[in-house]
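To find a chain, count down the sequence lines: A is the first, B the second, and so on, and within it residues start at 1.
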Amino acid sequence: MSDIADLTAKTYEIARLIPPGHVTTYGHIARLAGYPNHPRHVGNALKALPEDSTIPWQRVINAKGQISPRGDAGLGVARQKDLLEAEGVQVNSVMGGGEVVDLRRWGWFPEHV
DNA sequence: GAGTTGACTAGCT
DNA sequence: AAGCTAGCCAACT
């Protein structure tokens, strides 16, 4: 079993632990999983999820608190924003089409799980 | 099998 | 305060 498969599994496992109404970052999940230098793969693992997955991928955003775009003209971003707002997370629109969450208020950053 | 890409970050300018 | 650079490493071309 490769380390990466382990990280992918832990990414999903940790994502499920994020409480509704909170968000965390790619880098933090990578750290909790024990792979502090692999934040990119966390994103890669999440983008591979099917749309009807039970994993709350919408609660994972980047370290700046922004919803990362994926070159689909913002469709995925809009869907993610909807899901977060439905849980009570405030998502602020930024000029240019970006969406941002205040990590000081909605962030979930446990030391370990 | 080498080069490019990316749902990232931390640090410097 | 906002933007750029370097570092990172698996997946894809």
Nucleotide nearest A:R40 when distance is taken to its side chain, options B:dT9, C:dG7, C:dA10
C:dG7
Give the rounded distance in Å between these two atoms: CG of A:L7 and P of B:dC8.
14 Å
Testing the basics here: between A:Y26 and A:S68, what is the closest heavy-atom pair and its distance to 0.1 Å?
CE1-OG, 3.8 Å
May I ask you to check whether A:Q80 and A:E99 show a side-chain donor-acceptor distance below 3.5 Å?
no
Does A:T25 put a side-chain nitrogen or oxygen below 4.0 Å from OP1 or OP2 of B:dC8?
no
How long is the line joining CG of A:L46 and P of C:dA11, in whole Å?
14 Å
Rounded distance in Å - CG (A:N62) to P (B:dC8):
6 Å
Rounded distance (Å) that lies between atom P of C:dC8 and atom CG of A:D3
17 Å
Minimum-distance nucleotide to A:N37 side chain [options: B:dC8, C:dC8, C:dA10]:
C:dC8
When rounded to whole Å, the CZ to P distance for the pair A:R31 and B:dA10 reads 8 Å
Checking A:T25 against A:K64: is there a side-chain donor and acceptor pair closer than 3.5 Å?
no
Establish, with yes or no, whether the OP1 or OP2 oxygen of C:dA10 is under 4.0 angstrom from a side-chain nitrogen or oxygen of A:N44.
no
Take A:T8 and A:P39, find for each the nucleotide of DNA chain C with the closest heavy atom, and name the residue whose nucleotide sits nearer the 5' end.
A:P39
Looking at every strand, decide which applies to A:I4 at a 4.0 Å heavy-atom threshold: base, sugar-phosphate, or nothing.
sugar-phosphate
Rounded to whole Å, the NZ-P distance (A:K64 to C:dG3) equals 11 Å
Cluster overlap A:I18 with A:Y12, hydrophobic side-chain contacts below 4.5 Å:
yes
In whole angstrom, what separates A:Q66's CD from B:dT9's P?
10 Å
Could you tell me the separation between the OH atom of A:Y26 and the P atom of B:dA10, rounded to a whole number of Å?
14 Å
Can you hop from A:L84 to A:V94 via hydrophobic side chains spaced under 4.5 Å?
no
